[in-house]
Amino acid sequence: MRITLLTVGKIKERYLEDAIREYEKRLSRYCRLSIAEVADEKTPDGAGEALERQIKEKEGQRLLSKIKDGDFVIALAIEGKMLSSEELAAKIDRLGVDGISHIVFVIGGSLGLSDAVLRRADFSLSFSKMTFPHQLMRVVLLEQIYRSFRINAGEPYHK
């Protein structure tokens, strides 16, 4: 199975880069992982709702340009469905059984995802009602994907 993290912006902190590399290494025995980044738009302080919407739309167009027709898209969104680790593992397993060979997890920028990206998504996933920095979400998501593959392989994982 192929897993792609499609994200807005670059990682700037070394400790996050180190964590991402560690999970890339761990996941290499379970799937083919790739990370694709699109440029983020700078949001000026005090930006109004209309400008924020324009920024999300620009970032959304960049994201959508990287998604292919056959990709199964899981968008990370606060308003998405919350799953336990076991439920996420079961979803990934079920997608594989159903013949889905490529899952694209989409992480938006600091303003979130555009409506167009959310409409394209096959599933919206929420990790919490709280807001997290999008760079940190990469690490959290990679850990949960790794945990999912370990669960599906019947291997031990920390609870």
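Numbers for residues simply follow the sequence, beginning at 1.
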**Request:** Answer yes or no: does atom NZ of K12 have more than 12 heavy-atom neighbours from other residues, nucleotides or ligands under 6.0 Å?
**Result:**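 Enclosed.
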
**Request:** Would you indicate whether K58, at its atom NZ, is surrounded by more than 12 heavy atoms from other residues, nucleotides or ligands within a distance under 6.0 Å?
**Result:**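 Not buried by this count: 12 neighbours or fewer within 6.0 Å.
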
[X] versus [Y], closest heavy-atom pair with distance:
X	Y	answer
N152	A90	OD1-N, 4.2 Å
C31	M1	CB-O, 3.2 Å
G80	S126	O-CB, 3.4 Å
S114	G60	OG-CA, 3.6 Å
A75	A121	CB-CB, 3.7 Å
S110	T43	OG-OG1, 4.4 Å

State yes or no: do [X] and [Y] share one hydrophobic cluster built from I, L, V, M, F, W and Y residues joined by side-chain heavy-atom distances below 4.5 Å, directly or via other members?
X	Y	result
L88	Y146	yes
F72	V104	no
V38	I107	no
Y23	L125	yes
L33	L95	yes

Gap separating the [atom1] atom of [X] from the [atom2] atom of [Y], nearest 0.5 angstrom:
X	Y	atom1	atom2	answer
E52	L111	CD	CG	5.0 Å
I74	I145	CD1	CD1	8.0 Å
M82	S128	CE	OG	6.0 Å
I78	T131	CD1	OG1	3.5 Å
H134	L141	NE2	CG	14.0 Å
Q54	L51	CD	CG	5.5 Å

**Prompt:** Residues in ring-ring contact (aromatic ring centres under 6.0 Å, His included) with F149, at least two apart?
**Reply:**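 Y30.
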
**Message:** Check this for me: does any side-chain nitrogen of one of E143 and R147 sit under 4.0 Å from a carboxylate oxygen of the other?
**Reply:**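 A salt bridge is present here (some side-chain N lies under 4.0 Å from a carboxylate O).
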
**Asked** Would you call E22 and R26 a salt bridge, using N to O less than 4.0 angstrom?
**Response**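 R26 and E22: salt-bridged.
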
**Request:** Go through the steps to decide whether L5 and I20 satisfy the test side-chain contact (heavy atoms from CB on, under 4.5 Å), and finish with yes or no.
**Result:** CA-CA 11 Å; L5 263 62; I20 289 166; over 6 Å; no

Is there side-chain contact between [X] and [Y], with at least one heavy-atom pair below 4.5 Å?
X	Y	answer
L113	L63	yes
R2	S101	no
L118	E79	yes

**Request:** Evaluate side-chain contact (heavy atoms from CB on, under 4.5 Å) for V117 paired with R120, printing each intermediate quantity in order.
**Result:** CA-CA 5 Å; V117 172; R120 169 57 183 90; 5.7 Å; no

**Request:** Before giving the answer on side-chain contact (heavy atoms from CB on, under 4.5 Å), spell out for F127 and V140 the whole-Å C-alpha distance, their side-chain angles and the decisive distance to 0.1 Å.
**Result:** CA-CA 9 Å; F127 275 78; V140 174; 3.9 Å; yes

**Request:** Walk me through it: do K81 and S124 pass the test side-chain contact (heavy atoms from CB on, under 4.5 Å)?
**Result:** CA-CA 6 Å; K81 182 172 170 102; S124 289; over 6 Å; no

**Message:** Give me each pair satisfying side-chain hydrogen bond (donor to acceptor under 3.5 Å, both in side chains) with a member in residues 63-77, each pair once, sequence neighbours excluded.
**Reply:**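 For residues 63-77: D71-H102.
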
**Contact list for residues 28-46, test salt bridge (charged side-chain N to carboxylate O under 4.0 Å, His left out), sequence neighbours left out** =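 Salt bridge (charged side-chain N to carboxylate O under 4.0 Å, His left out) check on residues 28-46 returns K10-E37, R29-E155, E37-R138, D40-K42, E41-R62.
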
**Item:** With F105, the side chain to side chain contact (heavy atoms under 4.5 Å, CB included) member among L76, I35, L142
**Value:**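 Among the candidates, only L76 passes.
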
